[in-house]
2 protein chains.
Amino acid sequence: MANTQRDVLEAALAILDEFGLADLSMRRLATALDIRPSALYWHYPNKQTLLAAVADEVLAAVPEPAVGAPWTDQLRDTTVAMRAAMRRYKDSAEVISSAYASGLITSSVGDYLVTAARAGGVTDDTAEAARTALSQFVIGFTIEQQTREQMERLKVTEPSDRDFDAEFDAGLGLIVTGIRSLSDQLV
Amino acid sequence: MANTQRDVLEAALAILDEFGLADLSMRRLATALDIRPSALYWHYPNKQTLLAAVADEVLAAVPEPAVGAPWTDQLRDTTVAMRAAMRRYKDSAEVISSAYASGLITSSVGDYLVTAARAGGVTDDTAEAARTALSQFVIGFTIEQQTREQMERLKVTEPSDRDFDAEFDAGLGLIVTGIRSLSDQLV
DNA sequence: ACCTGAACACCGTTCAAGT
DNA sequence: ACCTGAACACCGTTCAAGT
């Protein structure tokens, strides 16, 4: 039974879900599909491109913000949805960070943030800054949490008593407040 | 001539400076020191610990904020200094991100940010959120820029026309504005 | 105190050849 | 269209032994 590109992508997500990024090697992925590693290169030109596809698939769970909602809620909801999407797959924040930097990502979550910020009447520069601040924050924050979780799983660290949800809400609130404040100045 | 732990650290920084993280392997580091890879494990227990030492050394260039300066300037200056310190060594933002998450970092830059925010009279939770938002932002932002730069060096991407300095200033301004706004609410 | 030698168990990627 | 087989050039880490 021959595999499609989609089969390869789903097998990669399954490994990420179950074992994390350290175990997502081309050799291990091939074994999961019961093919030889070289066969993967028929579906994807290299590992980097495969990981970008994984990143896009993870972020595809983030919905377009509700057009009727206040623009600050759109910013909040999109950022919260990004975090929720990343938390579904172990280490996916790190995958997304690399893919984002590589420029191979096609997800439009960044555009959702820029559009929502513009709805607040801020300048284009501020809208871009809002996207940067929010996406870097949520990705960086989730990398930190997921790396901790992976280390606790491997018993190399004891469980920390940090309240990640509270820390996230506070940081998000702080950034949204900053954007709203810049918006108010323009009125 | 026997090597010290410091010699190993400096050789690692030299490789980072000249070639970047992809070339910082234990084998290559050993070759640079003219010893066998196994000898490195006398100085550091593993690569992760060595990279944490590299991260600390990079962040050691960030000065304690001037006590006389306004607290918002202390926040800005520390974040700007973190970015400047990271930009001295290729891919060091990624090294710091991992080391930060691993909990092996001992640098006190995070404390500088919390202390500065507290000077603004905000609650402890907001001060912690300020540290998280600012450090995640500057690390995430610099990872993105340094990954781009590395790819341009390898000619896998054309130079982008993004103005990273302007984007950074806008994002930083936005976060600091948010903190100040929460501080003002308390007055 | 610091290092070598040898080994173990892995990587990503290429490319001619097979069906 | 999709895959195998074989190879190339690498990894991090361990551990007994050397000086």
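Convention: sequence-line order gives letters A, B, ...; per-chain numbering from 1. Since we're looking at a predicted model, the values are computed, not measured.
- Between D:dA17 and C:dC2, the two P atoms lie 22 Å apart (nearest whole Å).
- Nucleotide D:dA9 forms a pair with no other nucleotide shown, judged by Watson-Crick or G-U wobble geometry with both contacts under 3.5 Å.
- The base of C:dG5 sits within donor-acceptor range of the side chain of B:Ser38, with an N or O pair under 3.5 Å.
- Distances shown here put every side-chain N or O of A:Asn46 at or beyond 4.0 Å from the OP1 or OP2 atom of C:dG12.
- Here B:Glu10 pairs with B:Arg6 in a salt bridge; the nearest charged N to carboxylate O distance falls below 4.0 Å.
- Residue B:His43 places none of its side-chain N or O atoms closer than 4.0 Å to OP1 or OP2 of C:dA1.
- Pair assignment for D:dT19 gives C:dA1, based on Watson-Crick or G-U wobble hydrogen-bonding distances that are each under 3.5 Å.
- Between the CH2 atom of B:Trp42 and the C1' atom of D:dT19 there is a distance of 14 Å, rounded to whole Å.
- Spacing between D:dC8 and C:dC11 at atom C1', rounded to whole Å, works out to 12 Å.
- A distance of about 15 Å separates the C1' atoms of D:dT14 and C:dC3, rounded to the whole Å.
- The aromatic rings of B:Phe168 and B:Phe137 sit parallel, their planes meeting at an angle under 30°, below the 60° perpendicular limit.
- For the pair B:Ile35 CD1 and D:dT13 P, the interatomic distance rounds to 15 Å; values are reported in whole Å.
- Taking atom CG of B:Leu40 as the reference point, atom P of D:dG12 lies 10 Å away to the nearest angstrom.
- Taking atom OH of residue A:Tyr41 and atom C1' of nucleotide C:dT13, one finds them 5 Å apart after rounding to whole Å.
- In summary, B:Arg87 and B:Glu149 engage in a salt bridge, as defined by a charged side-chain N under 4.0 Å from a carboxylate O.
- Whole-Å rounding puts the B:Arg36 CZ to C:dC2 C1' distance at 13 Å.
- Ion pairing of A:Arg118 with A:Asp124 is present here, as a side-chain N (NZ or NE/NH1/NH2) and a carboxylate O approach within less than 4.0 Å.
- Closest to the side chain of A:Met26, out of D:dC3, D:dG12, C:dG12, is C:dG12.
- Counting to the nearest Å, the P atom of C:dG5 and the CZ atom of B:Arg27 are 14 Å from each other.
- Counting to the nearest Å, the C1' atom of D:dT13 and the CG atom of B:Leu51 are 15 Å from each other.
- Residues B:Glu167 and A:Arg131 are not paired through a salt bridge, judged by the lack of any N-O separation under 4.0 Å between the basic side chain and the carboxylate.
- Atom C1' of nucleotide C:dA9 and atom CZ of A:Arg28 are separated by 14 Å, given to the nearest angstrom.
- The nearest heavy atom of DNA chain D to B:Lys47 and to A:Met1 marks one nucleotide each, and the one closer to the 5' end goes with A:Met1.
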